[in-house]
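These numbers come from the heavy atoms of this one structure, side chains and all, not from hydrogens, waters or symmetry mates. None of the values given here were measured: they were computed from a predicted structure. Residue indices begin at 1 and follow the sequence shown.
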Amino acid sequence: MQLYMKQKVFSWKDKFSVKDSNGEDKYFVEGKAISIGKKLRVYDKNGTELAFINEKVVSFMPKFCVEMNGEEVAVIKKKITMFKPKYLIEGPGWEVKGDFLSHNYDIVDSDRIIVSIHKKWMSWGDSFELDIPDEKNEILAMAVVLAIDAVMDAQNN
C-alpha cells in the first residue's frame, strides 16, 4: 500500500490530506493552531478520528505519544547522539533505520519492513511517499512517521 502526504507550506495550522496510489484522499491530518506542544489528529474520509499524536513538552528530548481508540500505542523519543539523529519507538517494538536528514528511512520490526519513507524533492511543501507492505500497520506507521517529521520540523524552526 502506498500513501502520499503533501504538507502545505503556508498554513496557520497543519492541515493536509493523505492520498492513496490513485491520487484519492484517504486520510486527513489536522493540527491545532495554538497549543502547548504539537498535536495532530488523523481522520478517515468520514471524519472518524483514527489516531492522535501528542507532543510531551515536559521532556528533555523530543517525545511524542500516539493514541488510537483512546489508548497509548506508541511513544516516539529522539535519542541523544553525536552526529545522526536516532529515534526510539516504544510500544510496537519497531526500529528506525536510514537517513533522516534526506528523509529516506525505514521503520522495521526485526528484519521486516513496516514502512519505507521517501521525501520527494523539487516539490512545493514537504511531500512524502510511504510504502506500507502490510495494510494492518497503515495507521500506526503513518502516525509514527508524522511524529518523527514533527520532531525534525521543530528542530529546524
Side-chain angles (χ1 to χ4, degrees), residues 1-8 11 13-18 26-44 47-119 125-157:
M1 170 66 61
Q2 289 184 319
L3 297 175
Y4 301 90
M5 293 191 297
K6 183 174 178 86
Q7 297 172 314
K8 294 182 178 157
S11 174
K13 63 179 186 171
D14 294 319
K15 188 173 187 175
F16 55 93
S17 63
V18 178
K26 186 164 186 181
Y27 303 110
F28 297 94
V29 179
E30 192 169 322
K32 285 203 166 207
I34 300 172
S35 68
I36 298 174
K38 190 151 188 129
K39 294 175 184 358
L40 297 171
R41 295 182 187 277
V42 178
Y43 300 97
D44 66 10
T48 304
E49 184 179 301
L50 303 173
F52 175 55
I53 301 122
N54 184 26
E55 181 180 11
K56 298 297 181 185
V57 291
V58 184
S59 178
F60 180 66
M61 292 299 288
K63 177 179 172 181
F64 284 80
C65 297
V66 176
E67 293 179 15
M68 295 173 70
N69 298 318
E71 283 188 48
E72 187 175 278
V73 293
V75 176
I76 299 88
K77 297 178 182 177
K78 182 163 192 260
K79 294 176 82 176
I80 299 172
T81 57
M82 292 297 284
F83 301 106
K84 292 172 88 176
K86 192 163 186 156
Y87 299 90
L88 177 65
I89 304 170
E90 295 175 350
W94 297 348
E95 187 178 350
V96 186
K97 296 180 177 181
D99 184 358
F100 300 103
L101 301 178
S102 68
H103 289 82
N104 285 307
Y105 59 95
D106 296 326
I107 297 175
V108 298
D109 184 3
S110 298
D111 290 331
R112 186 173 55 96
I113 292 178
I114 301 299
V115 58
S116 293
I117 299 91
H118 307 285
K119 182 172 183 175
D126 289 336
S127 296
F128 301 96
E129 177 182 277
L130 283 66
D131 187 13
I132 307 168
D134 190 344
E135 199 171 319
K136 73 175 183 168
N137 295 319
E138 194 170 89
I139 305 300
L140 182 55
M142 181 175 46
V144 169
V145 170
L146 287 166
I148 291 171
D149 185 56
V151 170
M152 288 192 281
D153 187 47
Q155 290 182 321
N156 290 336
N157 291 335

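- Looking at Val108, Val115, Asn137 one by one, the single match for side chain to side chain contact (heavy atoms under 4.5 Å, CB included) with Trp94 turns out to be Asn137.
- Residues Lys26 and Leu3 are in side-chain contact: their nearest non-hydrogen atoms beyond the backbone lie under 4.5 Å apart.
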Query raised in the report: Can you list the steps and then say if Met5 with Leu130 is a side-chain contact (heavy atoms from CB on, under 4.5 Å)?
Result: CA-CA 8 Å; Met5 293 191 297; Leu130 283 66; 3.7 Å; yes
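- Put simply, CG on Leu50 and OH on Tyr27 are 6.5 Å apart, with the number rounded to the nearest 0.5 Å.
- The closest side-chain heavy-atom distance from Phe128 to Asp149 is below 4.5 Å.
- Legend: residues meeting salt bridge (charged side-chain N to carboxylate O under 4.0 Å, His left out) with Glu72, ordered by chain and number and at least two apart, are absent.
- Smallest separation of non-hydrogen atoms from Lys119 and Asn104: N-OD1, 3.8 Å.
- Smallest separation of non-hydrogen atoms from Ile113 and Pro133: O-CG, 3.6 Å.
- Among residues two or more places apart in sequence or in another chain, the side chain to side chain donor-acceptor pair (under 3.5 Å) test is passed with Asp134 by none.
- Every side chain to side chain contact (heavy atoms under 4.5 Å, CB included) that Glu129 has, sequence neighbours left out, goes to Gln2, Tyr4, His118, Lys120.
- Rounding to the nearest 0.5 angstrom, the gap separating the NZ atom in Lys63 from the CG atom in Leu88 is 10.5 Å.
- Applying the side chain to side chain donor-acceptor pair (under 3.5 Å) test to Asn54 and every residue at least two apart in sequence or in another chain returns Lys39.
- Classification of Glu30 and Arg41 as a salt-bridged pair fails, no side-chain N sitting under 4.0 Å from a carboxylate O.
- Applying the salt bridge (charged side-chain N to carboxylate O under 4.0 Å, His left out) test to Asp131 and every residue at least two apart in sequence or in another chain returns nothing.
- Taking each heavy atom of Asp106 and Ile117 in turn, the nearest pair found is OD1-N, 4.4 Å.
- Within the 4.5 Å cutoff, the side chain of Lys77 has heavy atoms near those of the Glu90 side chain.
- Applying the side chain to side chain contact (heavy atoms under 4.5 Å, CB included) rule to Val73 yields the partners Val66, Met68, Leu140; only residues at least two apart in sequence or on another chain are considered.
- For Glu135, the side chain to side chain contact (heavy atoms under 4.5 Å, CB included) partners are Met1, Glu138, not counting sequence neighbours.
- Between Phe28 and Val18 there is no side-chain heavy-atom pair separated by less than 4.5 Å.
- Glu95 is linked by a side chain to side chain donor-acceptor pair (under 3.5 Å) to nothing, counting only residues two or more places apart in sequence or in another chain.
- Separation of atoms CE (Met142) and CD1 (Ile132) is listed at 7.0 Å; rounding is to 0.5 Å.
- With rounding to the nearest 0.5 Å, the separation of CD1 in Ile107 from OH in Tyr87 is 11.0 Å.
- Here the side chains of Lys97 and Tyr105 are not in contact, with every heavy-atom distance at 4.5 Å or above.
- By the side chain to side chain donor-acceptor pair (under 3.5 Å) test, Asp44 is found to be paired with no residue, residues two or more places apart in sequence or in another chain being considered.
- Applying the side chain to side chain contact (heavy atoms under 4.5 Å, CB included) rule to Ala147 yields the partners Ile53, Phe64, Ile76; only residues at least two apart in sequence or on another chain are considered.
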